[in-house]
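Shown next, in structure tokens, is the structure this report addresses.
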Amino acid sequence: QVQLVESGGGLVQPGGSLRLSCVASGSTFNTYVMVWYRQAPGKQRELVASIFTFGDTHYTDSVRGRFTISRDNAKNTVYLQMNNLKPEDTAVYYCNAKRTGRDYWGQGTQVTVSS
């Protein structure tokens with residue numbers, strides 16, 4: 001069982017920055033694909049960014065160039081650095097760990113971008 005604990009959400013002005021963190025339990029963190037999802041009010045959950053074991057990354061078009069996903073396997077932690085935030089980035093952000101036959105979720109952290 002992998003447990004994920006997220007932190008770093010909050011209220012920020014448009015153009016501002018936040019860094020989300022997700023700390024995972026267990027000794028097999030380096031075998032998981034780590035993913036950030038988000039869900040805004042009235043919208044479906046969407047994949048924001050993912051990072052593979054050796055650092056390859058994927059971003060959804062709307063955040064590419066503004067967000068950076070990274071991982072520190074020694075700390076069992078994945079990060080999402082969010083720069084130049086826009087009101088449409090407002091959502092609950094969820095950390096997710098994936099491996100064949102396994103899929104774990106964090107509790108979510110609220111990000112609100114508003115003046």
Side-chain angles (χ1 to χ4, degrees):
Q1 185 80 231
V2 175
Q3 298 180 50
L4 306 173
V5 180
E6 298 148 312
S7 62
L11 175 65
V12 66
Q13 290 185 280
S17 298
L18 286 172
R19 188 180 73 161
L20 306 183
S21 299
C22 173
V23 180
S25 66
S27 61
T28 58
F29 178 79
N30 64 327
T31 71
Y32 285 84
V33 176
M34 299 302 299
V35 187
W36 287 98
Y37 289 85
R38 68 186 181 188
Q39 187 164 25
K43 295 184 178 180
Q44 289 188 286
R45 184 178 63 197
E46 68 170 336
L47 190 152
V48 177
S50 58
I51 185 165
F52 294 82
T53 301
F54 296 105
D56 290 341
T57 58
H58 164 82
Y59 300 93
T60 194
D61 288 345
S62 63
V63 309
R64 189 175 295 111
R66 300 188 296 120
F67 291 11
T68 302
I69 187 170
S70 61
R71 66 193 296 164
D72 186 339
N73 289 340
K75 296 181 178 180
N76 274 23
T77 302
V78 63
Y79 304 95
L80 186 67
Q81 178 67 47
M82 305 184 294
N83 297 327
N84 192 23
L85 283 160
K86 303 176 179 180
E88 52 263 43
D89 295 319
T90 295
V92 178
Y93 284 71
Y94 297 93
C95 181
N96 171 267
K98 296 183 183 295
R99 199 174 73 177
T100 301
R102 302 173 183 178
D103 196 347
Y104 302 99
W105 292 88
Q107 78 284 357
T109 185
Q110 176 72 49
V111 172
T112 302
V113 185
S114 176
S115 299

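- Side chains of Ser114 and Pro87 form no contact here, defined as non-hydrogen atoms less than 4.5 Å apart.
- At a threshold of 4.5 Å between side-chain heavy atoms, the hydrophobic network of Ile, Leu, Val, Met, Phe, Trp and Tyr places Val12 and Val48 in one connected group.
- Put simply, the side chain of Asn76 gets close to the backbone of Gly26: a donor and an acceptor are under 3.5 Å apart.
- Rounded to the nearest 0.5 angstrom, Leu85 CG and Thr112 OG1 are separated by 10.5 Å.
- When the shell of 6.0 Å around CD of Gln110 is examined, it contains more than 12 heavy atoms from other residues, nucleotides or ligands.
- Side chain of Gln107 to backbone of Glu6: a donor-acceptor contact under 3.5 angstrom is found.
- Lys98 places a side-chain heavy atom less than 4.5 Å from the side chain of Val35.
- A cation-pi contact links Arg71 to Phe29, judged by a cut-off of 6.0 Å to the six-membered ring centre and 45° from its axis.
- Under the 4.5 Å side-chain heavy-atom criterion for ILVMFWY residues, a single connected hydrophobic cluster contains both Ile51 and Tyr32.
- The OG1 atom of Thr90 sits 8.5 Å away from the CG atom of Leu11 when rounded to the nearest 0.5 Å.
- Atoms OH and CG, from Tyr37 and Leu80 in turn, are 13.5 Å apart once rounded to the nearest 0.5 Å.
- The CE atom of Met82 sits 12.0 Å away from atom CG of Asn84, with the distance rounded to the nearest 0.5 Å.
- Following chains of ILVMFWY side-chain contacts shorter than 4.5 Å, one cannot reach Val23 starting from Tyr79, and the two form parts of different hydrophobic clusters.
- Of all non-hydrogen atoms in Ser21 and Thr77, the two that sit nearest each other are CB-CG2, 4.5 Å.
- A distance of 13.5 Å separates OH of Tyr104 from SG of Cys95, quoted to the nearest 0.5 Å.
- For Asn83 and Ser17, the side-chain atoms include at least one donor-acceptor pair closer than 3.5 Å.
- Val2 and Met34 fall within the same hydrophobic cluster, where Ile, Leu, Val, Met, Phe, Trp and Tyr residues are linked whenever their side-chain heavy atoms come under 4.5 Å apart, directly or through other members.
- Residues Tyr94 and Leu4 fall into different hydrophobic clusters, defined by Ile, Leu, Val, Met, Phe, Trp and Tyr side chains chained together at heavy-atom separations under 4.5 Å.
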Let me see the working for Asp89 and Lys86 under salt bridge (charged side-chain N to carboxylate O under 4.0 Å, His left out), right down to the final yes or no. CA-CA 5 Å; Asp89 295 319; Lys86 303 176 179 180; over 6 Å; no
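- Residues Val33 and Thr53 are not in side-chain contact: their nearest non-hydrogen atoms beyond the backbone lie 4.5 Å or more apart.
- A 4.5 Å side-chain heavy-atom check between Gln81 and Phe67 finds every atom pair outside the cut-off.
- Contact check for Gln13 versus Val113: no side-chain heavy atoms found under the 4.5 Å cut-off.
- Inter-residue side-chain proximity for Arg38 and Val63 is flagged as met; some heavy-atom pair is nearer than 4.5 Å.
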Please evaluate residues Cys22 and Trp36 with respect to the criterion side chain to side chain contact (heavy atoms under 4.5 Å, CB included), reporting the C-alpha separation (whole Å), side-chain torsions for both, the decisive distance (0.1 Å), and the verdict. CA-CA 9 Å; Cys22 173; Trp36 287 98; 3.8 Å; yes
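- Counting only distance, with no hydrogens or angles, the side chain of Ser25 and the backbone of Gln3 share a donor-acceptor pair below 3.5 Å.
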